[in-house]
There are 2 protein chains.
Amino acid sequence: MVNESLVHPAPEESLGVLLGLVRSEIVRAMEAELAALGVELRFTQFLILKRLARLGPMTASELARAVELDGGAMTRQLDQLEGKGYLRRCPHEQDRRALRIELTNEGNALWQQLTDCNERVLEAAQRSLSETERKHLHDYLTRVLHALRDKD
Amino acid sequence: MVNESLVHPAPEESLGVLLGLVRSEIVRAMEAELAALGVELRFTQFLILKRLARLGPMTASELARAVELDGGAMTRQLDQLEGKGYLRRCPHEQDRRALRIELTNEGNALWQQLTDCNERVLEAAQRSLSETERKHLHDYLTRVLHALRDKD
DNA sequence: GAAGTATATTTGTCAAGGCAAATATCGTGG
DNA sequence: CCACGATATTTGCCTTGACAAATATACTTC
């Protein structure tokens, strides 16, 4: 598969920089899209709700690990999301140290909007990539991630 | 009670998440590598020095735009980098509002270490990708970035 | 079952970056 | 020249996330 933009490469941005730029554009686009729908959520909060919606109730620690967020930061995000009424801290049945974090009805109702919104942003971002290219992009990034994590 | 799906995360991480994970691993690796060489620099500071080394002296505003950093944040980073002796704020010859930011000899000397370090980290990150795949990855990311910036 | 270790949550502290206001200077159109 | 809007830098304020300490509870080992 020949690609024209390989023939005229942009002034060489290093991978680290490029990743940062793309990510911050995606975050910006998502937050703007949400705000336009009247939903005031930061990207991190979107990620938290997404995990809960997809994986079901779990403890705050599991949630923190799932979104790679510090435990302390998670406590404060949960404060906010609970305050907005999207989730609830319930006592954990087997472990009295832990919490069972679950979406409220309102949180579940919001979820459809969030996932649609995410869909639109990712579609827009990748609109110049073919289906195959999208798969490759995902595959490459996954392999890079593994390379970085499994040192050697 | 541990949620098994957290141990083996779903194969499909969304692009936004994946980008964040890869970037934060690269940042972590770079900072660790630098620290191991006795150089205490944050990734942002590395980027600033990199721009200066590659593009030569410029104003603080130009530098801020080049690394996509807020002007206020740039002022504070310059304070630190000037304090460490890596750069210098000189008066701008044509514009008395502006500064001419330039690397010191020490800053230039550091540069070779930084670029070698960056080289090693990126090589390690992409070690499982062929030369062609690396080019494609870069190309895809560049196209995604353009798609996000040039709204339709 | 007691002691010691590991884990869950919360809270305090800190650095970084975004945004807005303040100040200085530039450049342009009367 | 003068007023006015744009730009450069700095500073203050706010939010976020990392890290560490404190507290409560679970688990493991003897």
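Labels below follow one simple rule: chain letters A, B, ... track the order of the sequence lines, proteins then strands, and each chain is numbered from 1. Keep in mind that this is a model prediction, so the values were computed, not measured.
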How long is the straight-line distance from CG of B:L141 back to NE2 of B:H146, given to the nearest 0.5 Å?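 If we round to the nearest 0.5 Å, B:H146:NE2 and B:L141:CG are 11.5 Å apart.
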In whole angstrom, what separates [X]'s [atom1] from [N]'s [atom2]?
{"X": "A:L99", "N": "D:dA24", "atom1": "CG", "atom2": "P", "value": "15 Å"}
{"X": "B:L21", "N": "D:dG17", "atom1": "CG", "atom2": "C1'", "value": "15 Å"}
{"X": "A:L69", "N": "D:dC19", "atom1": "CG", "atom2": "C1'", "value": "13 Å"}
{"X": "B:L63", "N": "C:dG17", "atom1": "CG", "atom2": "P", "value": "13 Å"}
{"X": "A:R65", "N": "C:dA8", "atom1": "CZ", "atom2": "P", "value": "5 Å"}
{"X": "A:E62", "N": "C:dT7", "atom1": "CD", "atom2": "P", "value": "13 Å"}
{"X": "B:M74", "N": "D:dA8", "atom1": "CE", "atom2": "P", "value": "13 Å"}
{"X": "A:F43", "N": "C:dG18", "atom1": "CZ", "atom2": "P", "value": "16 Å"}

Report the stems of DNA chain C as range-with-range entries sorted by first number; a stem here is at least three consecutive pairs, Watson-Crick or G-U wobble, both distances under 3.5 Å, and write none if there are none.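 Paired runs of 3+ in DNA chain C: C:1-30 with D:1-30.
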Without swapping roles, check the side chain of A:H138 against the backbone of A:E133 for a donor-acceptor pair under 3.5 Å.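 Not at all, since once roles are kept as given, no pair shorter than 3.5 Å links the two residues.
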Can B:L99 and B:T59 be said to form a side chain to side chain contact (heavy atoms under 4.5 Å, CB included), step by step? CA-CA 5 Å; B:L99 299 170; B:T59 72; 5.8 Å; no
So, B:K50 and B:T115: side-chain donor and acceptor under 3.5 Å apart, yes or no?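 Checked: B:K50/B:T115 side chains show no N/O donor-acceptor pair below 3.5 Å.
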Going 5' to 3' through nucleotides 19-28 of chain C and flagging B where a protein heavy-atom sits under 4.0 Å of the base, S where only the sugar-phosphate is that close, and - otherwise, we get B----BBS--
Sidechain N-carboxylate O distance under 4.0 Å for [X], [Y]:
{"X": "B:R88", "Y": "B:E82", "result": "no"}
{"X": "B:E62", "Y": "B:R65", "result": "no"}
{"X": "A:K84", "Y": "A:D79", "result": "no"}
{"X": "B:D139", "Y": "B:R143", "result": "yes"}

Where do B:R134 and B:E131 land on the side chain to side chain contact (heavy atoms under 4.5 Å, CB included) test, with the steps shown first? CA-CA 5 Å; B:R134 294 179 192 196; B:E131 198 50 47; 4.3 Å; yes
To the side chain of B:R89, which of C:dA16, D:dT9, D:dT10 is closest?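 Between C:dA16, D:dT9, D:dT10, the one nearest the side chain of B:R89 would be D:dT10.
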Looking at the side chain of B:S61, which of D:dA8, D:dT16, D:dA18 is the nearest nucleotide?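 Out of D:dA8, D:dT16, D:dA18, the nucleotide with an atom closest to B:S61's side chain is D:dA8.
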Derivation of the side chain to side chain contact (heavy atoms under 4.5 Å, CB included) call for A:E40 and A:L34: CA-CA 7 Å; A:E40 284 304 324; A:L34 287 172; over 6 Å; no
How would you list, by chain and number, every residue that makes a ring pair (Phe, Tyr, Trp, His ring centres under 6.0 Å) with B:F43, sequence neighbours excluded?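 B:F43: ring pair (Phe, Tyr, Trp, His ring centres under 6.0 Å) contacts with B:F46.
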Please work out which residues in residues 78-86 of chain B have a non-hydrogen atom less than 4.0 Å from an atom of DNA chain C and list them by number.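 Only B:Q80 qualify.
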Among all residues two or more places apart in sequence or in another chain, which pass the side chain to side chain donor-acceptor pair (under 3.5 Å) test with A:E119?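 Per chain and number, A:E119 pairs via side chain to side chain donor-acceptor pair (under 3.5 Å) with no residue.
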Indicate whether OP1 or OP2 belonging to [N] is found under 4.0 Å from a side-chain N or O atom of [X].
{"X": "A:T44", "N": "D:dT16", "value": "no"}
{"X": "A:Q77", "N": "D:dG17", "value": "yes"}
{"X": "B:R100", "N": "D:dT9", "value": "no"}

Could you list, one pair per line, each protein nitrogen or oxygen that sits under 3.5 Å from a nitrogen or oxygen of nucleotides 2-5 of chain C, together with the distance?
none

4.5 Å side-chain heavy-atom contact, B:V67 and B:M74: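 In short, these two side chains touch, coming nearer than 4.5 Å.
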Could you go through B:I48 and B:I101, starting from their C-alpha distance and side-chain angles, then the distance that decides it, and tell me whether this counts as side chain to side chain contact (heavy atoms under 4.5 Å, CB included)? CA-CA 11 Å; B:I48 292 170; B:I101 311 294; over 6 Å; no
